[in-house]
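In this chain, residues are counted from 1 in sequence order.
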Amino acid sequence: MKKPIKLLSLALSVILLISPLFIITVSAATMGKVTGSNVRIRDKATTKDSTILATVSYVTVEVLGTVDTNEDYPWYKVKYNGITGYMYGEWLEIIEPTPSTPEADKTFEESLKDFPESYHSALKELHKTYPNWKFVAHTLTMSFETALANEATGFRKVVQYDDNAISWRSMGDTVYNWKTKTWGTVEGGWTGASREVVAYYMDPRNFLDADQIYMFLSQSYDANLQTEDGVKEIIKGTFLEKGYTDPNDTEYGGDYVKVIMEAAKQSDVNPYILAATIRQEQGVNGTSSLISGKYSGYENYYNFFNWKATGPTESAVITNGLAYAKKQGWNTRSKSIILGAVKYGDDYLKIGQDTYFYKDYNLVNKPYYGHQYATNVEDARSKGYGVRNTYKNDTSMALVFKIPVYKSIPDKKAELPAKSTKYNNYYFLDIKAAGLTPSFSMYEYNYSLSVDGTTTIGVEVPEKATFASAKQFNLTKGLNTIKLLVKSETGYLNTYTIKVNSEKIATLNISVNGEPVGDGGNDGDDDSGSEVTPPAPTYILGDTNGDNKITIVDLANVQKHLLSKITLSGTNLLGADTNKDNKITIVDLANIQKHLLGKIKLS
């Protein structure tokens, strides 16, 4: 095997004060094919004193850069299945991008005009490696905020009930009981997802890379692109690969690959999507009672796609799913897969829900936000991730991606919250004001109030939440818009708006948790009667841990962020961006080092 081609070296290399010399080069959307079995991904670019993060065989990985250690082959920094680490280059072959053509470039540039600017950079990187991919901007009728408000409600989107990830849980209506301080759960281990987690998974810009974009892949069947070999790639290492034996189901020879291909032909659904969906629903080992054919009362009935398999308990999930299979006559494995696929095509693809994203987030068919395949907030991303290796090796494929474009969307893409034991308690427990209309409810954010002079409003915030706006507002005669902000323990803000109609110039005082009204001390907003906006975050350039100092620790944090060992967020991320170019690069690492050496001054 030929020695792999090294990526271009970065002009700037930085001698870190805390580690050996690293030369890290990044070339987005560069792919590598693992050419051996049991190849190790390590946390360091060495076989000595390193930890094995994963062992992989004959898969495709994303190549993020190289570390030249003067060995026969370079070490590659790679990303696979959410794991970032280092792989020795002897077992990695760089997949050379397919050369683009003027026609393909022209088509791409034309399509780019239909996307907001914030999508462009990621799509351009993908086009470099996959010049024949077609990106379709699918314009929606609603704004991102409207869609988010409707999806992040109740148990419409859920996360696993994890005591180490309270920060991912909703404390919204029907999910959290403020009297008992407990969360409701569904299906034995899931609870409502927080607004911020749902926002991350609904923001397309978070998934425009060579691993995750498949959640937007058009799912129609194309016999020229989809083959048995591709299905085998997806089911490798799973129960599907082994086949089955059933004297009542011999038409396809007990071969799941042939069953899935027939299902694709009859349903007009991409067989790779069908295979990945079964793998996702039934797991690698396929031990669910929904496909065992042995569940008491439902012997010889199968439900491979988990249709109607819902309920408050595991038993209810299985019973409901198998009752539906029995009603449909799915009394063999092949019937369950083929007819289940036909239902998939009829119920989703034929009405426009033809991507994993639109299956789980119905933003295309009225009534919106209903008729959604899965409640798991990350289901669409997970299923798309499951088909990536089938396509990533061939950079010449002409795939079509249908990418949502909201009527409006914030300039900055949504970030995935860190998992912690902190609470999303950004609600007022009470707003007390005579004449407040409508009567206060925690989950109602818009009110009106008429006053005839100086007035005091009492607000109550939960334990560990904070009041985050002014405690005194100057009212003009007539209509005033007052925004009252509450900040959760996790650091997120929620806004309650009161339209105050004042008969004359007056003052509106805010009493928080029964405290006496002071002199109008400000918690970050002005005290005028105009709209109040959240205070801008304060931070020091170069400070990445919030201690208001720039030390060797901050240098280490930026290095770890670049190596994907930690993920900086909030003001720590802002502090790391020393040149304010909205990204963290080796330049920021160099700036902090120069500050520590006294060559420049960050502030």
Side-chain angles (χ1 to χ4, degrees), residues 151 153-166 168-172 174-177 180 182-194 197-198 201 235 237-240 242 244 246 256 274-333 335-337 339-341 343-344 347-348 356 359-360 370-383 385-386 419:
E151 290 286 3
T153 182
F155 296 95
R156 186 163 280 167
K157 291 300 166 194
V158 298
V159 293
Q160 288 185 319
Y161 191 89
D162 182 349
D163 286 337
N164 294 316
I166 293 176
W168 278 31
R169 301 180 195 169
S170 167
M171 296 182 74
T174 74
V175 176
Y176 186 72
N177 187 319
T180 62
T182 58
W183 280 268
T185 58
V186 292
E187 298 180 10
W190 298 82
T191 192
S194 75
V197 171
V198 178
Y201 284 102
I235 68 173
T238 73
F239 74 99
L240 295 166
K242 301 173 184 177
Y244 61 91
D246 185 346
Y256 280 116
L274 297 177
T277 301
I278 294 173
R279 176 173 178 162
Q280 176 78 13
E281 297 292 349
Q282 304 305 333
V284 171
N285 297 320
T287 56
S288 169
S289 295
L290 284 158
I291 61 170
S292 70
K294 298 177 182 179
Y295 195 76
S296 180
Y298 297 95
E299 289 84 357
N300 298 318
Y301 285 98
Y302 306 84
N303 192 338
F304 275 76
F305 293 104
N306 288 356
W307 287 109
K308 307 295 183 181
T310 60
T313 65
E314 182 179 358
S315 176
V317 169
I318 295 170
T319 300
N320 290 336
L322 288 177
Y324 184 78
K326 186 173 183 178
K327 182 179 179 180
Q328 300 301 313
W330 297 345
N331 58 358
T332 65
R333 293 172 177 83
K335 279 186 181 179
S336 174
I337 293 173
L339 297 180
K343 177 175 172 58
Y344 184 112
D347 285 10
Y348 291 96
Y356 280 134
K359 275 180 56 197
D360 286 353
H371 191 257
Q372 299 185 156
Y373 184 81
T375 56
N376 181 355
V377 69
E378 54 185 324
D379 175 78
R381 181 263 177 199
S382 179
K383 284 195 173 73
Y385 199 74
K419 289 185 177 181

Visitor: Check whether any side-chain N or O of E378 sits under 3.5 Å from a backbone N or O of N376 as a donor-acceptor pair, and report yes or no.
Guide: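 Side chain of E378 to backbone of N376, a donor-acceptor pair under 3.5 Å: no, none is there.
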Visitor: Any non-hydrogen side-chain atom of Y295 less than 4.5 Å from a side-chain atom of Y301?
Guide: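 Y295 vs Y301: side chains apart.
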Visitor: For the residue pair Y302 and T332, what are the closest heavy atoms and their distance?
Guide: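 Where Y302 meets T332 most closely, the heavy atoms are CD1-C, 3.5 Å.
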Visitor: Is the W330 to Y324 ring centre distance short of 6.0 Å?
Guide: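 Yes - the distance between ring centres of W330 and Y324 falls below the 6.0 Å cut-off.
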Visitor: Using the salt bridge (Lys or Arg N to Asp or Glu O under 4.0 Å) rule, take E281 and K383 through it: C-alpha gap first, then chi angles, then the decisive distance, then the call.
Guide: CA-CA 9 Å; E281 297 292 349; K383 284 195 173 73; 3.4 Å; yes
Visitor: Working to the nearest 0.5 angstrom, can you tell me the gap between I318 CD1 and S296 OG?
Guide: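 Answer for the CD1-OG pair, I318 versus S296, is 12.0 Å.
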Visitor: Show the numbers, then the answer: is there a side-chain contact (heavy atoms from CB on, under 4.5 Å) between T287 and F239?
Guide: CA-CA 9 Å; T287 56; F239 74 99; over 6 Å; no
Visitor: More than 12 heavy atoms of other residues, nucleotides or ligands under 6.0 Å from NZ of K343: yes or no?
Guide: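 More than 12 heavy atoms, drawn from other residues, nucleotides or ligands, come within 6.0 Å of this atom.
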Visitor: Would you sort out whether I278 and F305 count as a side-chain contact (heavy atoms from CB on, under 4.5 Å), showing the intermediate values?
Guide: CA-CA 6 Å; I278 294 173; F305 293 104; 3.6 Å; yes
Visitor: Determine whether a donor-acceptor pair (N or O, by modelled atom type, separation under 3.5 Å) exists between the side chain of S336 and the backbone of R333.
Guide: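 Pair absent, no side-chain N/O of S336 close to backbone of R333.
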Visitor: What's the shortest heavy-atom distance between P312 and A316, and which atoms?
Guide: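 Closest heavy-atom pair between P312 and A316: CD-CB, 3.9 Å.
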Visitor: Please lay out, stage by stage, how S382 and Q280 fare under the test side-chain contact (heavy atoms from CB on, under 4.5 Å).
Guide: CA-CA 8 Å; S382 179; Q280 176 78 13; 3.1 Å; yes
Visitor: Indicate yes or no: at least one non-hydrogen side-chain atom of L274 is less than 4.5 angstrom from one of I337.
Guide: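 No. Closest side-chain heavy atoms not under 4.5 Å.
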Visitor: Establish, yes or no, whether a centroid distance under 6.0 Å links the rings of W183 and Y176.
Guide: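 Yes, close enough.
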Visitor: Under a 3.5 Å distance rule, please check whether N303 uses its side chain to pair with a backbone N or O of G321 as donor and acceptor.
Guide: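 Here the side-chain-to-backbone pair exists.
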Visitor: Give a yes/no verdict on a cation-pi contact between R169 and Y161, requiring under 6.0 Å between NZ or CZ and the six-membered ring centre and an angle within 45° of the axis.
Guide: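 Checked: cation-pi criterion met.
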Visitor: Decide whether T313 and S315 meet the rule of one side-chain donor and one side-chain acceptor closer than 3.5 Å.
Guide: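 The criterion, which ignores hydrogens and geometry beyond distance, is not satisfied for S315 and T313.
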Visitor: Side-chain contact, heavy-atom cut-off 4.5 Å: Y385 with R381?
Guide: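 In short, these two side chains touch, coming nearer than 4.5 Å.
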Visitor: So, for L290 and L322, which heavy atoms are closest and what is the spacing to 0.1 Å?
Guide: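 Shortest heavy-atom contact: O-CD2, 3.6 Å.
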Visitor: Are side-chain heavy atoms of Y348 and Y356 found at a separation under 4.5 Å?
Guide: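 The answer is no, as the side chains (C-beta and beyond) never meet within the 4.5 Å cut-off.
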Visitor: Quick one: closest heavy-atom pair of A193 and S170, and the distance?
Guide: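 Residues A193 and S170, closest heavy atoms: O-CB, 3.3 Å.
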Visitor: Is the backbone of A309 close enough, under 3.5 Å, to the side chain of N320 for a donor and an acceptor to pair up by distance?
Guide: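 No, N320 side chain to A309 backbone: no donor-acceptor pair under 3.5 Å.
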Visitor: Quick one: are V175 and F155 in side-chain contact, heavy atoms under 4.5 Å?
Guide: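 V175 reaches F155 side chain to side chain.
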Visitor: Determine yes or no for a side-chain-to-main-chain donor-acceptor pair under 3.5 angstrom, with T191 supplying the side chain and G184 the backbone.
Guide: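 Yes, because the side chain of T191 sits within donor-acceptor range (under 3.5 Å) of the backbone of G184.
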Visitor: Would you compute the distance between atom NZ of K326 and atom CG of N331 and round it to the nearest 0.5 angstrom?
Guide: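 Here the interatomic distance stands at 11.0 Å.
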Visitor: Are the charged groups of K359 and D347 less than 4.0 angstrom apart, N to O?
Guide: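 Judged by the 4.0 Å cut-off on N to carboxylate O distance, K359 and D347 do not form a salt bridge.
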Visitor: Between Q282 (side chain only) and F304 (backbone N and O only), is there a donor and an acceptor less than 3.5 Å apart?
Guide: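 Between the backbone of F304 and the side chain of Q282 there is a qualifying donor-acceptor contact (under 3.5 Å).
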Visitor: Could you go through Q328 and K335, starting from their C-alpha distance and side-chain angles, then the distance that decides it, and tell me whether this counts as side-chain contact (heavy atoms from CB on, under 4.5 Å)?
Guide: CA-CA 10 Å; Q328 300 301 313; K335 279 186 181 179; over 6 Å; no
Visitor: Examine distances only and state if a side-chain atom of D360 and a backbone atom of A374 form a donor-acceptor pair shorter than 3.5 Å.
Guide: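 Yes.
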Visitor: With a sphere of 6.0 Å drawn around CD of E299, does it hold more than 12 non-hydrogen atoms of other residues, nucleotides or ligands?
Guide: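 More than 12 heavy atoms, drawn from other residues, nucleotides or ligands, come within 6.0 Å of this atom.
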Visitor: Are any of the side-chain heavy atoms of W168 and D162 separated by less than 4.5 Å?
Guide: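 No - every pair of side-chain heavy atoms lies 4.5 Å or more apart.
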Visitor: Taking Y201's backbone N and O only, do any of them form a donor-acceptor pair with K157's side chain (distance below 3.5 Å, no angle check)?
Guide: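 Checked: no pair found.
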